[in-house]
Amino acid sequence: MQKILGACAAICLTTIVSLPANAADLDGNYSVEGVGQISCQTFTKSRQNASTDQSASNEYGLFLGFITGYVSAYNRFVDDTFDLTPWQGLELFARAALQFCSKNPEQNFFVAVSSVTSSLVDQRLREQSPIVTTKQGDQDITIYREVIARAQRKLKQLDFYQGQADGDYGPQTISAIKAFQQSIKTLEPNGLPDQATLLVLFAQ
């Protein structure tokens with residue numbers, strides 16, 4: 001699966017990189033290639049059957065590869081952008097695309113990816129940030145320091161954190177994250193800035 005994703009991502013990115021900066025025609029129209037042309041309905045079906053059917057799993061891998069290539073190209077070519085998805089993983093992006101596709105089955109997959117991308121623009125990382133490893137017990141998460149600072153600001157706004165939004169994953173930040181997690185029954189109180197926690201936190 002990883003080889004499929006890597007190959008597709010490389011193909012998608014290489015294709016986009018080889019295009020001129022203004023790749024659309026004079027009317028703003030452009031061609032969508034690969035699995036981006038396939039319907040949302042097909043994406044939904046391949047995702048649903050990926051765990052039990054090898055063919056569906058391979059097809060789903062191509063969809064994930066398209067997402068990876070699209071995001072990488074976005075990071076490369078869109079001004080004021082270092083990382084469109086600074087904490088959102090590939091699976092979270094795919095889940096968001098699935099929500100779009102469930103409501104718009106006749107749209108092509110490219111539209112779903114484009115829609116999710118638009119919803120993430122305000123959360124993007126505009127410039128490079130150091131990467132830190134947060135660890136609790138036998139669990140660890142690698143994350144941008146700026147994302148921790150954003151979480152600290154949000155936790156402070158919600159009265160869970162009283163320190164500075166400095167991106168330091170110290171005892172005070174760990175306690176604040178854990179307290180927030182304990183306030184949300186569906187979250188594991190592990191003190192880590194994991195995907196599920198950040199998704200709920202930033203939605204507050």
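We number each residue from 1, following the sequence as shown. All values below were derived from every heavy atom in this structure, side-chain atoms included, with hydrogens, water molecules and symmetry-related copies excluded. Keep in mind the model is a prediction, meaning the values are calculated, not measured.
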Is there a side-chain contact between [X] and [Y] in this structure, where contact means two heavy atoms from C-beta onward sitting under 4.5 Å apart?
X: V111; Y: N104; answer: no
X: Y169; Y: P193; answer: yes
X: L98; Y: T44; answer: yes
X: Q172; Y: Y161; answer: yes
X: I177; Y: T197; answer: yes
X: E188; Y: Q182; answer: no
X: D168; Y: I148; answer: no
X: Q162; Y: L155; answer: no

Would a distance-only check, ignoring hydrogens and angles, find a side-chain to backbone donor-acceptor pair under 3.5 Å from [X] to [Y]?
X: R145; Y: D166; answer: yes
X: D25; Y: G28; answer: yes
X: E146; Y: G167; answer: no
X: Q204; Y: V200; answer: yes
X: D53; Y: N49; answer: no
X: S115; Y: A112; answer: no
X: T134; Y: I141; answer: yes
X: S118; Y: S114; answer: yes
X: K135; Y: L192; answer: no
X: Q41; Y: P105; answer: no

Please check if any side-chain donor atom of [X] sits under 3.5 Å from a side-chain acceptor atom of [Y], or the reverse.
X: S31; Y: E33; answer: yes
X: S39; Y: Q107; answer: no
X: Q123; Y: Q88; answer: yes

* Parallel under 30°, tilted from 30 to 60°, perpendicular over 60°: which one fits the rings of F202 and W87? ->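 Tilted.
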
Over 60° means perpendicular and under 30° means parallel, so tell me whether Y144 and F82 are parallel, tilted or perpendicular.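 Perpendicular: the ring planes of Y144 and F82 meet at over 60°.
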
**OP:** Report the C-alpha distance between F100 and V113 in whole Å, list the side-chain angles of each, state the deciding distance to 0.1 Å, and finish with yes or no for side chain to side chain contact (heavy atoms under 4.5 Å, CB included).
**Re:** CA-CA 9 Å; F100 177 93; V113 173; over 6 Å; no

Near E91 CD, under 6.0 Å, is it more than 12 heavy atoms from other residues, nucleotides or ligands?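 Check passes, neighbour count above 12.
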
Worksheet item: Do other residues, nucleotides or ligands put more than 12 heavy atoms under 6.0 Å from R95 CZ?
Response: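 Counting neighbours around CZ of R95, 12 or fewer heavy atoms of other residues, nucleotides or ligands fall under 6.0 Å, so no.
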
Exercise for review: Among T81, T117, D83, find the residue that satisfies the side-chain hydrogen bond (donor to acceptor under 3.5 Å, both in side chains) test when tested with R124.
Suggested key: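 Only match with R124 under side-chain hydrogen bond (donor to acceptor under 3.5 Å, both in side chains): T81.
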
Residue pair V32 / F110: nearest heavy atoms and the distance that separates them: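 Smallest heavy-atom distance, with atoms named: CG1-CB, 3.6 Å.
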
